[in-house]
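Below is one structure, written out as C-alpha cells, with a few remarks after it.
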Amino acid sequence: MADAPQRPDLDTILGADLQAFVNNILHEDGGIDHFRQLLSDDQISKLESRRKLELVTRSGVIFTRERNISNILETTLNTARNLTNSDGGTIYSLEEIYAENPIDPGEIASRNLNFVALQNETMDTNLKGGDIDMMPPVPLEIDGKPNLSNVSAYCANTGEMLNFDDVYDADGFDFTGTSSYDEANGYRSQSMLVIPLEDHENNIIGVLQLINRRMPNGAIGGFTTEDIELVQSVSFPAAASITQQRMINEQVNLFNAFVTMLAQGLGEKSPHTYNHIRRVAALGESIAASLSNSDEGIYADVKYNSDEMAEIKLAGWMHDIGKITTPEHIVSKQVKLQFVMDRFEMIIERCSSKMKDYKIEMLQQQLAASQAGATESELLALRNECDNKTSLLEKQLEALFKANRGSEDMPKEQIELVMDLASQSVEAFYKTEVIIDHGFPLLKSFALEPHVAPLIDDREKSNLLIKRGTLSDDERDQIKSHADRSWRWLMELPFPRKQKRLPLYAGAHHEHLNGSGYPNGIEGKDMPMQARILAIADIFEALVANDRPYKEPMPLSQAMNILGGMVKSGNLDGELMKIFLQSGDYMTYAEEHLNPEQIDDVDIDAWLEAYYVVPEPPTK
Ligand SMILES: [Fe+2]
Ligand SMILES: [Fe+2]
C-alpha cells in the first residue's frame, strides 16, 4: 500500500521567512488558493487570519494618509470584498443637497446615494469616478416619503444593516433592478450584505453593499457574523477618515469662499479691481504650474505639490485685499480732476461764465463806441475780438479735456495750457464743493459775495499738472499703502502651519528683487518665488487690462517690453519671465482676456537677447 502523501510542514519549508511568503502570496490574486490543496485546515486558517489582518492593516494606513474621499470609499469596498471573498460590491456616498432658502439656510432639498465604485469579478466590472457618472443616484426620498423599497436607501434611511442569503427570496424590497441586471447579463445575484457607513456622531455618510460571498468550495453562501464584524472593522475607520476629510474640506472651502467673497465685495466698489484680483490669482497659478513643470534652467528643481499650488492661488486672491479701505474714487480715478467726482464740469461752468463776461464787456464797449459815433466796421471789430477770445477759450477747454486724462508723459504744451488758464480769472458769485452725504458724493453750492476766482483753482491745477497717469502723489501713496495693509492683515490670520508664509507671498507682490519695491523693501534672496510670480502676474495684468477706466489697453509686445525693462533693471525675476514667455502662458491668457487688436507678435528670442538677466534665486 502506497504511503499517504505527506503534508508539507509550512514552517520547515519557509524557514524563518514566513513573513515574506505570506506577503508574496497576498500580492497575487488567489494566491492562497494555489496552496490550499497542500495545506491543512489549521494552516489555511492561520494564513487566512494573517491575510485578513494584513488587509485591515493596509486599509488603515490608507485611511490615515488618503485625502481623496472617493479613494477612501473605493479602498473600503476593495477591502470589504477581499475580507469576505465577495464576488461583487457597490459603495455609495450620501449627498445632501441644500435648498437655497435664506429663511432656512440649512434646509435639505434632497438626499441621494451616489455611486462611487461598483465591482463584480465574474462580470469583469470595475467602475469608478467618471465611468460611473452615468449611473443615476438613488433618491432617499420619493414624493416626500422615505424610500424604503431600495435596499441601499432603506439602509441609509434607517441605519439598519440588511443581510440576505438569497435576494430572490427576500420580501418587502424592490429587487427588479437586480433581477433585470441578472437577466441581461446571465448573472445570478444571491447573497447580499448592506451595511451603513456611520460617522462618530451616528450620521450615515454612505452605504456599502456586498454581493455573493464565495465559499472555499466555490459555492455562494450567506454572509456570516464574522464577515459582518470584519467589514465593520474597515467601515468604521473608513467613515471616521471620510468625516475627518470632509470637515477639513469644508473648512478649506469655507475659507476660500470667504476670501473670494472679500474680493467680490471689493468688486462691488470697483469691478475692475475684482477682475484684477481674480486674473492675478489665475495667472499666478499658471506661471507656478509652468515653473513646476519645467525641468530646465536654474529653477529646474522647483516643484510644487497640490497644497503649494493652492497656496499660491490663495495668495493671488488675497494680494490686494488691503484695497478694501482705499477710497473708490482713488482706486478707480479715471481723470486727474476727479476728487470724488470729475471737476471738469466746474471748470466748464467757470469758462462759460467767462465767455458771458466777454460778451457783456463787448456789448458795453459797442454801446459806448456807438454813442461816441463809431463806424459799423469799428463795432464789428469789437465783436470779432470777443468772438476770437471766446473761440480761443473753447479750444483751450477742448485741449484741457485731453489733459484731464492720464498719459504716460504729459506734453509740454498741455502744461503751458494749464498754467495759462490758471492765471485767468472770472467773476464768481458762488462756490461749489463736493461733499460726501451718507457715503454718496453730492455737489453743494454756496452763495458768496461777488468775487474774482481763478478759472482753475490751486487744487485743480496741481491735479491737472500730474505728469503720469491720473493720481497725485498723495493718492499714489494711499494706493500703495494697500500692500502694507494686505501684508499686516494677513499676518493677523492664524494660517495653518503649512501656509504660514502666505502673508509674505501675498504682501510682497510690490517688492522688487533690487529692493526698490514696497512696503518693506525686501530684496534678492529674501524675496520668495511665490511673491516673484505674483509680482509678474500683477504687473502684466495691469498693463494689458482692457477694462480700466483710466487707461487704454496696451498691446502685448509693449507690455512685454516694459516687463523686460523691469527685468533688466533688476526689479523682476528674469528666469520666471523666461518661463512665462516660453511656456506660452502669456498667449493663453491673451487669447482669453485681451482684445484681438492687442495681441501682436512677441519675439521671445529677441526679448531674451535684450532683457534676460540671471536672477538671484530665493533661499526659501
Ligand atoms: Fe497690489
Ligand atoms: Fe494687484
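Being a predicted model, the structure only gives us computed values, none of them experimental. Atoms within a ligand are numbered from 1 in the order they appear, just like the ligands themselves.
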Return the orientation label for the [X] and [Y] ring planes: parallel under 30°, perpendicular over 60°, tilted otherwise.
{"X": "Y92", "Y": "F115", "answer": "tilted"}
{"X": "Y518", "Y": "H510", "answer": "parallel"}
{"X": "W317", "Y": "Y274", "answer": "tilted"}

Checklist entry - By atom name, which N, O or S atom belonging to H509 lies closest to the Fe ion (ligand 1)? => result NE2
Item to check | Y98 side chain near E107 side chain, heavy-atom distance below 4.5 Å | outcome: no
Checklist entry - Short question: side chain of E201, backbone of N203 - any donor-acceptor pair under 3.5 Å? => result no
Checklist entry - Which atom, among the N/O/S set of D538, is closest to the Fe ion (ligand 2)? => result OD1
Item to check | N/O/S atom name from D320 that is nearest to the position of the Fe ion (ligand 2) | outcome: OD2
Item to check | H319 NE2 and H276 NE2 subtending at the Fe ion (ligand 2) (10° steps) | outcome: 100°
Checklist entry - Once rounded to 10°, what is the value of the angle centred on the Fe ion (ligand 1) between H510 NE2 and H482 NE2? => result 90°
